[in-house]
There are 2 protein chains.
Amino acid sequence: MSRLKKKRATITDIAREAGTSISTVSYVLNDGPKPVSKENRKKILDVVHRLSYTPDMVARGLKRRRTMSLGVIFPDMTNTYFPEILRGILEITQHEKYNIMLRNASQSVAAQNDCIRDLLSQRVDGFIIRPIAGSQVPAILCDSGIPFVVVDRSERGWKRYDSVSLNNRKAISTAVEMLVREGHESIALITGPRETGTSIERVNGFMDASDLHRLREDKCRVLYGKYSVETGRDSVHTILNENPGISAVVTASTAITFGAIQELRRQEMRISVEMSLVAYGYSKWLTLLFPPVTTIEQPVVEMGRRAVHILLQCIEKEDSGSRVREIIDPVIIDGVSHQSNF
Amino acid sequence: MSRLKKKRATITDIAREAGTSISTVSYVLNDGPKPVSKENRKKILDVVHRLSYTPDMVARGLKRRRTMSLGVIFPDMTNTYFPEILRGILEITQHEKYNIMLRNASQSVAAQNDCIRDLLSQRVDGFIIRPIAGSQVPAILCDSGIPFVVVDRSERGWKRYDSVSLNNRKAISTAVEMLVREGHESIALITGPRETGTSIERVNGFMDASDLHRLREDKCRVLYGKYSVETGRDSVHTILNENPGISAVVTASTAITFGAIQELRRQEMRISVEMSLVAYGYSKWLTLLFPPVTTIEQPVVEMGRRAVHILLQCIEKEDSGSRVREIIDPVIIDGVSHQSNF
DNA sequence: CTGAAAGCGCTTACAG
DNA sequence: CTGAAAGCGCTTACAG
């Protein structure tokens, strides 16, 4: 149980034991850049195995000027949305032998800058960043010359950089269309803050569909709030009080959806019967509610995967090529038929 | 937009510009181990700022033999349980200026070993590991002499090491007691695999309470399955068919709970009226269901926090001191009163 | 208070 | 096919 740090074998140990130079050891460890004779290779590999040698990636990183690690910055960690993106990121990075260094910017631009500075100090090879709402691209990030890709938002200055985001506009217009097709003419959208890019996109989607199907403006309604449970709850409350004609609701985030359902149940409104609901969100729990809620799914894991792909492109081919701007379409999950998947 | 990697300033650049030796630069950067004159300090700090120098943590890590990073290994990432633990871990590590290197062991012992080997190669200063169910402590981990702490499980060989886990036994007995106090005498527990340590603990908790309150064995029932939605669904189905006398259910995980609720709703059983339910789980969504479900919360975020604390103790004070074995008590969340928190 | 020098564990251009 | 040597960017014991 002693915690004495037994010193690990180094390339020098291997060389000594195998009776070669450290260069030769390195050549076999890296399969190059020089060839090594069969005998030496075997001798070296034997020793490597016997001493259970693992190369020191720190030393290698210093020498190669490549750490094989990516900085990942999210505005917070309490939101379950970000762990989902992370899952997608991790899936690819682990496969590609990259490390990620995760940071929480605590919803503050200052903290976000600290994270960037810190990660620069760690010598990450690239960044994946979900910007704080309304923030500008930090000078420190641009100046570094390190490639980065923006996920989930592309507002303001960020627009000029590689990014991957969701097709929020199409998602909401699809939701509305589904309801129209079911015969609804009086539909409400519950969405986030009025000024946020993502919310504007959602409202545009709502407009697209209501224009297309000539829904009467006075029979529809957009309610702004936050992407939160409270907003879902309060908005449903408002709708039931102020707009009794509304027969269907589109909820623009997972949290809003849970809040909305909660309030509908509390008011003993039977979902799908007295009030129809289409949810835009990502939580696997969402599809598990009963009665099943039709969900337009945010492919949030996929967003993480794509971000890594784009970033590794930038890092590995040093092409300062053209900007990549991916927009991921939503996935429609019919509440009822989806049940069988679980 | 050119991606030419502008070479970063090094300590040598700073020394040259400030007209001092690199030693002196290092002394001010580290506030020691030698004192530096006011003038030199100022000159150096000016240059540091002007060149926006950030120390190369890779080089520093190599020299200091300390990377300030912790390896974190989970058996999978699709389960939303692990991101919650991660959140707790990250909260502390970020504050303590540690990095984490996250790995997914894909529910395989072989992959788990690969992760350990890999992280050893990365020269992490310690490990936090949630072992694969039923796995033994990998020799490679013990032999490394690197400190580690086990989270969430403490079966088999793992028992001998620092760990932090949940008081699953107490959680379930508490759940049962709450139901007994409400007058229930015929209670079912829906839990995970019969052999797993965590499941055994839960069943023991169930026994504790039913013994204490002299519940008749033939009126109660324990249903084994997986910690999954399907198990929740199927078990409720079974109970309703085979044990019509049962008036209350304790669900032993979040996923089981969602499955159970889904099935109860589908069968049009009114929760709390025709069937009472106490859930053991962690998802914030859980408390948002309506009618509100009384929840025994798994303090899963706290588990992450504690794990880091213990590990940093081991790393920073090199005491090969006695084993730490923390067991975290559950938190009771009364469904109804909790509503106001959102 | 200051600095020259060794060294952390690697990679690789260079010479043989 | 092999190896001696320089160097990646730091820290720190040692000497002054």
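Protein chains get the first letters and strands the later ones, always in sequence-line order, with residue 1 at the start of each.
- Counting atom types as modelled, A/Lys63 pairs a side-chain N or O with a base atom of D/dG7 as donor and acceptor under 3.5 Å.
- Exactly one residue among B/Val47, B/Ile44, B/Asn30 makes a side-chain contact (heavy atoms from CB on, under 4.5 Å) with B/Val25. That residue is B/Ile44.
- The shortest distance between the side-chain N/O atoms of A/Arg65 and the OP1/OP2 oxygens of D/dG9 is below 4.0 Å.
- Residue A/Asn40 contributes atom CG, which lies 11 Å from atom C1' of D/dG3 at whole-angstrom precision.
- The distance between atom CG of A/Asn30 and atom C1' of C/dG9, rounded to the nearest whole Å, is 13 Å.
- When each of A/Thr10 and A/Tyr27 is assigned the nucleotide of DNA chain C with its nearest heavy atom, A/Thr10 is the one assigned upstream, toward the 5' end.
- Checking A/Thr24 against B/Ala9, the closest nucleotide of DNA chain D that is more toward the 5' end is the one next to A/Thr24.
- Residue A/Ser37 has a polar side-chain atom (N or O) positioned under 4.0 Å from OP1 or OP2 of D/dT2.
- Ring centroid separation for the pair B/Phe148 and B/Phe127 does not come in under the 6.0 Å cut-off.
- Residue A/Thr20 is classed as a sugar-phosphate contact, given heavy-atom separations below 4.0 Å to backbone atoms only.
- Remark: P of C/dC10 and CD1 of A/Ile11 are 5 Å apart, rounded to the nearest angstrom.
- OP1 or OP2 of D/dC10 has at least one side-chain nitrogen or oxygen of B/Tyr53 nearer than 4.0 Å.
- Heavy-atom nearest nucleotides on DNA chain C were determined for A/Leu29 and for B/Ser21, and the one closer to the 5' end corresponds to B/Ser21.
- Residue whose closest nucleotide on DNA chain D sits further toward the 5' end, between A/Val36 and B/Thr54: A/Val36.
- B/Asp46 has a carboxylate O that lies under 4.0 Å from a charged side-chain N of B/Lys42, or vice versa, which qualifies the two as a salt bridge.
- Separation of the C1' atoms belonging to D/dG16 and D/dT12 is 16 Å when rounded to the nearest angstrom.
- Taking side-chain N and O atoms only, A/Arg66 has no distance below 4.0 Å to OP1 or OP2 of C/dT11.
- Distance CG (A/Leu62) to P (C/dT12): 13 Å, rounded to an integer number of Å.
- Nucleotide C/dA13: unpaired (no Watson-Crick or G-U wobble partner with both distances less than 3.5 Å).
- A/Arg41 has a carboxylate O that lies under 4.0 Å from a charged side-chain N of A/Asp31, or vice versa, which qualifies the two as a salt bridge.
- Panel note: side chain A/Tyr282, backbone A/Tyr81; a donor-acceptor pair is recorded below 3.5 Å.
- Residue A/Ser23 places no side-chain N or O under 4.0 Å from the OP1 or OP2 atom of D/dT2.
- Computed from coordinates, the A/Met57 CE to D/dC8 P distance equals 20 Å when rounded to whole Å.
- Residue B/Lys34 contributes atom NZ, which lies 10 Å from atom C1' of C/dG3 at whole-angstrom precision.
- Atom CD1 in B/Ile22 sits roughly 12 Å away from atom C1' in C/dG7 (whole-Å rounding).
- Rounded to whole Å, the distance from CG on A/Leu51 to C1' on C/dG9 is 15 Å.
- Side-chain nitrogen and oxygen atoms of A/Arg64 include at least one within less than 4.0 Å of the OP1 or OP2 phosphate oxygen of C/dT11.
- Ion pairing of A/Asp162 with A/Arg325 is absent here, as no side-chain N (NZ or NE/NH1/NH2) approaches a carboxylate O to less than 4.0 Å.
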